[in-house]
Protein chains: 2
Amino acid sequence: MHSELEKYLPAFRQQLNKWITFSDEEWAIVSQHLQLKTLRKKEYFTQAGSTCKELGFILSGALRLYHLKDIEEITSYFCLANDFICSYKSFLKQQPGFSYIQAITDTLLITFTYDGLQQLLNHPLTAHKTERFGRLIAEDLIFCYEDRVQAFVTQSPEERYISLLNNNSRILQHIPQHYLANYLGITPVSLSRIRKRILEPGK
Amino acid sequence: MHSELEKYLPAFRQQLNKWITFSDEEWAIVSQHLQLKTLRKKEYFTQAGSTCKELGFILSGALRLYHLKDIEEITSYFCLANDFICSYKSFLKQQPGFSYIQAITDTLLITFTYDGLQQLLNHPLTAHKTERFGRLIAEDLIFCYEDRVQAFVTQSPEERYISLLNNNSRILQHIPQHYLANYLGITPVSLSRIRKRILEPGK
DNA sequence: GAAAGGCATTAACAAAAGATAAGAAAATCT
DNA sequence: AGATTTTCTTATCTTTTGTTAATGCCTTTC
């Protein structure tokens, strides 16, 4: 039986080589626990109050992670193609989380379920590499957070926006400005002013 | 031969149970790779430009992590007793980092060297648990960063200070205010004003 | 014990950000 | 295409923060 999923497996396996390389034998086991998931624009990967049951890898599309403050949605992160996406605390502790993860555009993902991952962590043939894989993914996220916290601590909102322009312009494409403003820790109105300041250096 | 280190091993092993429990046999191997390290106030655990060679666990004392912006020191994090401390990116990639980690008070640590940890990761008796231990430590750090980034994105400096008072007052003791101000992403002058606003709600 | 340096507070001013509202531009829907 | 949201910009006003500098307190140092 050949599924839609199989079309994407080789590309996914290729991407995983950034972290870990599975042998054919190992891959046969790992790939049993993979699923394909499609999200239409505005659909949710996970929501506050529910437990995140999957770790996703984005084949195409974009997602945003947000929280509610009072009744306002505040976007704190974006994930694009070839990123992993997860409400980590909720997923790893298997307890209800506080994050919403929503598709910004139609999105295609490959997912591990929590149970599938536990099986891989306990299977003698895959335990070691899966454990290492989990560690490496977690470490990558730490590097990312280190940079992000450092930006908040050492830079002004304007400086943060400029470095986003220079270093991460991938994020800027296709993402509404008011989400970006949240990401930078400011209001949409303020981001608009910063943009104007940068574009009109005279005056 | 009995060393100073041995005095602290049982307490350390006890603390590690939060993450992972080593059998006596495993512990015999793990403990071979541990070292005791003392830092006097203002001494460095690691410095920018050099590669962080150790992962430390704080038995007593306090450290701050800071970066240089221009010529100014900006404190982005604190670690206290029973925390792990490391310049993670530099340590994990074994490449020169950009962080200074300095003792705020006299500090006592137990350390793993990078090489020691690699040996544990490759030793058949300890590989699996050490790999998992590394993953769990990394995950804890992620939970911590998740909260920190969310604070920057959803809260004003004043709100961040108030939640620090309520949730993390452990950090407030013994730590100079100008370091705290950096941690909150504001200037020391501004923190002083916030404190005044809170203490004098009238007016 | 006196001097020196570091640290928190306060003040005054400039710059930036938040809040609110209104209007323009763009995207979405039927 | 026309209509309806949604998003972005602009304007006004208030609040907060940054900057610089001065003061007083406390700790360290000799």
Side-chain angles (χ1 to χ4, degrees), chain A residues 40-43 61-62 64 66 69-76 78 100 102-106 151-165 171-203, chain B residues 40-43 62 64 66 69-75 78 100 102-106 151-165 171-203:
Chain A
R40 311 297 298 269
K41 183 173 181 173
K42 302 216 171 176
E43 271 192 297
R64 74 179 177 115
Y66 71 88
K69 172 167 193 184
D70 306 323
I71 56 155
E72 196 188 359
E73 297 180 0
I74 306 220
T75 300
S76 58
F78 305 103
Y100 297 83
Q102 187 188 41
I104 297 177
T105 63
D106 290 355
F152 276 115
V153 164
T154 63
Q155 298 184 309
S156 67
E158 181 164 338
E159 290 172 316
R160 290 201 291 278
Y161 177 67
I162 291 171
S163 23
L164 193 67
L165 283 178
I171 289 186
L172 298 172
Q173 313 309 112
H174 316 300
I175 291 190
Q177 236 119 74
H178 62 289
Y179 293 163
L180 265 183
N182 292 162
Y183 176 83
L184 294 168
I186 56 179
T187 60
V189 177
S190 191
L191 176 56
S192 186
R193 281 187 293 230
I194 287 171
R195 285 161 55 80
K196 187 176 185 182
R197 264 195 322 257
I198 292 170
L199 289 173
E200 303 174 6
K203 179 61 194 309
Chain B
R40 311 298 298 269
K41 183 173 179 173
K42 303 217 170 174
E43 271 192 298
R64 74 180 178 116
Y66 71 87
K69 175 168 190 185
D70 307 321
I71 55 156
E72 196 187 0
E73 296 179 3
I74 306 221
T75 300
F78 306 103
Y100 297 82
Q102 187 189 40
I104 297 177
T105 61
D106 291 355
F152 277 115
V153 164
T154 63
Q155 299 183 309
S156 67
E158 181 164 339
E159 290 171 315
R160 290 200 291 277
Y161 177 68
I162 291 171
S163 21
L164 194 66
L165 282 179
I171 288 186
L172 297 173
Q173 313 308 113
H174 317 299
I175 290 190
Q177 236 122 72
H178 64 289
Y179 292 163
L180 266 183
N182 293 161
Y183 176 83
L184 294 168
I186 56 179
T187 60
V189 177
S190 191
L191 176 56
S192 185
R193 281 186 295 228
I194 288 172
R195 284 162 55 80
K196 188 176 186 182
R197 265 195 322 255
I198 293 171
L199 289 173
E200 302 174 6
K203 178 65 196 304

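The chains referred to below are lettered A, B, ... by the order of the sequence lines, with proteins before strands, and numbering in each begins at 1. Predicted, not measured: the structure shown is a model, and the values here were computed from it. Scope of the values below: all heavy atoms of this structure, side chains included, with no hydrogens, waters or symmetry mates.
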Are any non-hydrogen side-chain atoms of [X] and [Y] less than 4.5 angstrom apart?
X	Y	answer
B/I74	B/Y66	no
B/E43	B/Q102	no
B/I175	B/T75	no

* Dump the intermediate steps for salt bridge (charged side-chain N to carboxylate O under 4.0 Å, His left out) on B/R193 and B/E158, then the final yes or no. => CA-CA 10 Å; B/R193 281 186 295 228; B/E158 181 164 339; over 6 Å; no
* Give a yes or no on whether B/K41 atom NZ has more than 12 heavy-atom contacts from other residues, nucleotides or ligands under 6.0 Å away. => no
* Structure fact -> Quick tally for nucleotides 11-26 of chain C: nucleotides whose base has a protein heavy atom under 4.0 Å get B, sugar-phosphate-only ones S, the rest -, giving BB----BBBB------
So, for [X] and [Y], which heavy atoms are closest and what is the spacing to 0.1 Å?
X	Y	result
A/T154	A/E159	O-OE1, 4.1 Å
A/L184	A/F152	O-CE2, 3.5 Å
B/V153	A/N182	CG1-O, 3.5 Å

* Structure fact -> Between B/P188 and A/Q177, the residue closer to the 5' end of DNA chain D by nearest nucleotide is A/Q177
* To do: Find the bend of the helix from C/dG1-D/dC30 to C/dT30-D/dA1 as the angle between its two terminal axes (five pairs each), to the nearest 10°.
  => 60°
* Should the ring pair B/Y179 and B/F78 be called parallel, tilted or perpendicular, given that the plane angle runs from 0 to 90° and is split at 30 and 60? -> tilted
* Structure fact -> Those residues at least two apart in sequence (or on a different chain) that pass salt bridge (charged side-chain N to carboxylate O under 4.0 Å, His left out) with B/R160 are none
* Structure fact -> By side chain to side chain donor-acceptor pair (under 3.5 Å), B/Y183 pairs with (sequence neighbours left out) none
* **Working for side chain to side chain contact (heavy atoms under 4.5 Å, CB included), residues B/Q177 and B/L191** => CA-CA 8 Å; B/Q177 236 122 72; B/L191 176 56; 3.7 Å; yes
* 5' to 3' contact window, DNA chain D with chain B (heavy-atom distance under 4.0 Å) -> D/dT17 to D/dT20
Extract from the structure each pairing of a protein N or O with an N or O of nucleotides 27-30 of chain C at less than 3.5 Å, listing the distance.
| residue | atom | partner | partner atom | Å |
| --- | --- | --- | --- | --- |
| C/dT28 | OP1 | A/K41 | NZ | 3.1 |

